[in-house]
Amino acid sequence: MNPAAKIAALRSQIEQHNHAYYTLDTPTISDAEYDQLFRQLQALEADHPALQSPDSPTLRVGSAPLKIFQEVAHRTPMLSLNNAFSEAEVRAFDARIRETLGLAEIEYAVEPKFDGLAITLTYRDGIFVQGATRGDGNVGEDVTENLRTVRDIPLRLNEPVAELEVRGEVLMFNDDFAALNVMQRDNGEKEFVNPRNAAAGALRQLDSRITAKRKLSFFAYGVGRCEGLTLPHEHHQQMAMLQKLGVAVAKQRRVVQGVAGLLDFYHDIGKLRADLPFAIDGVVYKVNDTVLQQQLGFVSRAPRFAIAHKFPAEEATTQLLAIDIQVGRTGALTPVARLAPVFVGGVTVTNATLHNEDEIRRKDVRIGDTVVVRRAGDVIPEVARVIIENRPSDAPEFIMPTMCPVCGSQIAKAADEAVSRCTGGLFCPAQKKQALLHFASRRAMNVDGLGDKLVEQLVDANMVRTPADLYRLGLLALVNLERMGEKSALNLLAGIEHSKHTTLARFIYALGIRNVGETTAKDLAKHYGNLAQLLAADEASLLAVRDVGPIVAQSVLAFLREPHNLEVIEQLRACGVSWTEVEMQAATILPLTGKTFVITGTLPTLSREAVKEKLENLGAKVSGSVSKKTDYVVAGSEAGSKLDKAHELGVAVLDEAQLLAMLNDLANFPRTEFDATTRQIGLF
Ligand code: IVH
């Protein structure tokens, strides 16, 4: 046999053994025999480098480390799911679907809800060419090399499908998680809190050889795109087809009829849950017929045809040892319960949030109490309630401090807010640290290597007072810090340097303006196009931004009124922080600019999303609630309180036909070409 044929035969043999071992759980050869085949292939590939190929199983051991993960724009967005926590919510979901489709009973495909991380796998001509994380749903990170190491992700499908995007979840089996933690402990390294966090850590390794050692698993739950293969119409059959192509899918899938079938599945899986080899946090129900799925469409970022029915949060009882006060980025004081360690929801919990002073009063929580701690998924554990009968007679009532425990500033509590806040602003080291951590976080400026311990030291040593100081750090100053060698210092400086090239949306988000989250920052960036326009914004212009209401507008204005903030922005730009700017010259002359619409009820042919898009493209703002400022309410069938409010306030109401006529008229509206030019800003 010539080397090429020998290599091809070995690859195919090894992948069959991988599939038998990792996916089917029924190995057909011993580990030693497998290792021998693997080494034979490695040796042949080393002798004939020209015969190396992206689908070779030898690549599963990982390859040379990457510097950064590249961004990947998803061609089909990666959506999330709405949640149901009760039977009533599941019944309402089914009723909505039956009513919309006019059907008496719905057939559903039902599956476990894997508690891992969403990824998408692209196959071209049957070969695995790219794997990416979900990211924000539109743009994720390229983790191809890491995913190659996941044994039940096939590197080659059983058929050379022209183009296939497989959606699914990467997770770590409980056994692999336990073994990993034993290894971490033996090596004196930090243990992972649960399999999901361990999987997330493994997936984000720049060195795929480390990922390979961490033993990740994968289950597919959907198809993103497909070309060159006729997909069956039913979701369940699509999963069966993926399985035939060699992709791992859950064994615990079923097709059921109606809401009774859904609830039976929920209870059956609930009983199985503790015996499953991997973590699940609920079940997922999907309308089985994909034609009906398309008719139902999407609301915002989640499909109407599917829902996650979550298991209830797990609870455990423990002792409340103390109540500490934590100061957050905006000065909010959060009382935190220090607990005797207790195992709940898959992790050992020693801290739990008590939210705020009112909550402590309402639940009457006192130091020394026996408390019930609750934890669901990734949410912060909370103290659910107190077991009053176990209260020691001398348990003192909690008193909220009147001075910030970190900086000694006054504590203020606004009449309309439940939280108390430290008034120290960025003078308060706690707020400063949190603001810096937010600034550097992955979705903001994405400064690799700047963790909380480091920020703690930099602020305490007075080396960093504002985010701009980060960009002035030098190697000498850094190597003098605790636990900081030259290599880590150089890596951090590289991370800081790399973060300078950013986007306007990330920059706005990084500023940490109150009430401006990632989505609002994106909306602001899109609306204003450049920083100068945003800095010059007034209330009216802010209110014209998608989803910006009076509260957000006031927060932005308050931030911009503070000279110190403008100074830091200037300094950041002077340090070389830059992005591509867009000049928006004609943005104000779209035909519906300044008009606010509310869409309610079900329209005969158009989805609400489609209407929203049409209106926004013409410059309108689409809001979720009717007020005096609303210009039009677009109402379909079963429009409820919003339509009543429109009548009450005398707001014009349009049905779909009237709206379409209006849009048709506007199509002839004289309109200047939208003039957007880009330029690079920043001094370097
Ligand atoms: S379907 C368009 N099915 O849950 C619907 N998602 O909370 C896309 N997940 O981001 C999702 N198990 O990562 C689907 N059987 C399953 C799932 C599942 C886990 C995750 C998925 C998604 C998240 C939403």
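In listed order, ligands and their atoms are each counted from 1. Just so you know, these numbers use all the heavy atoms, side chains as well, and skip hydrogens, waters and symmetry mates.
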*Asks:* Assess A306 for proximity to ligand 1: is some non-hydrogen atom of it under 4.0 Å away?
*Replies:*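 In this structure, A306 fails to qualify as a contact of ligand 1 - no heavy atom is under 4.0 Å.
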*Asks:* So, the side chain of K621 versus the backbone of V548: is there a donor-acceptor pair under 3.5 Å, distance only?
*Replies:*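 The answer is yes, because a donor-acceptor pair under 3.5 Å joins these two groups.
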*Asks:* Have a look at T76, L171, L79 and point out the one with the heavy atom closest to atom 10 (O) of ligand 1.
*Replies:*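 When every heavy atom of T76, L171, L79 is considered, L79 comes closest to atom 10 (O) of ligand 1.
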*Asks:* Indicate, as side chain, backbone, both or neither, the part of V284 found under 4.0 angstrom from ligand 1 when only non-hydrogen atoms are considered.
*Replies:*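 The side chain, only.
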*Asks:* Is there a donor-acceptor pair under 3.5 Å between the side chain of R329 and the backbone N or O of G512?
*Replies:*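 Flag set: sc R329 to bb G512 pair under 3.5 Å.
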*Asks:* Decide side-chain hydrogen bond (donor to acceptor under 3.5 Å, both in side chains) for T120 and E165; before the verdict, give the C-alpha distance in whole Å, the side-chain angles of both, and the deciding distance to 0.1 Å.
*Replies:* CA-CA 7 Å; T120 183; E165 224 181 292; 2.9 Å; yes
*Asks:* Given Y221, F114, Y285, which has its nearest heavy atom closest to atom 21 (C) of ligand 1?
*Replies:*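 Residue with the shortest heavy-atom distance to the ligand atom: Y221.
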*Asks:* Just let me know how K113 lines up against ligand 1, side chain, backbone, both or neither, with a heavy-atom cut-off below 4.0 Å.
*Replies:*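 Under 4.0 Å from ligand 1, K113 contributes backbone and side-chain atoms.
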*Asks:* Should you measure from each heavy atom of E111, which atoms of ligand 1 turn up under 4.0 Å away?
*Replies:*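 Counting from 1, the qualifying ligand atoms are 3 (N), 15 (N), 16 (C).
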*Asks:* Within the structure, is a non-hydrogen atom of G116 found at a distance of less than 4.0 Å from ligand 1?
*Replies:*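 No, G116 has no heavy atom closer than 4.0 Å to ligand 1.
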*Asks:* As a check for students: among Q252, M239, K286, identify the option with a heavy atom nearest to atom 3 (N) of ligand 1.
*Replies:*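 Checking each option, the heavy atom nearest atom 3 (N) of ligand 1 is found in K286.
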*Asks:* Any idea which part of A118 is under 4.0 Å from ligand 1, heavy-atom wise: side chain, backbone, both or neither?
*Replies:*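 Looking at A118 and ligand 1, atoms from backbone and side chain both fall under 4.0 Å.
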*Asks:* Which is it for P112 and ligand 1 at heavy atoms under 4.0 Å: side chain, backbone, both or neither?
*Replies:*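 The answer is the backbone of P112.
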*Asks:* Applying the side chain to side chain contact (heavy atoms under 4.5 Å, CB included) criterion to V622, which one of L615, V598, V634 satisfies it?
*Replies:*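 Result for side chain to side chain contact (heavy atoms under 4.5 Å, CB included) with V622: L615.
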*Asks:* Within a 6.0 Å radius of atom NZ on K215, are there more than 12 heavy atoms belonging to other residues, nucleotides or ligands?
*Replies:*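 Counting other residues, nucleotides and ligands, NZ of K215 stays at 12 neighbours or fewer.
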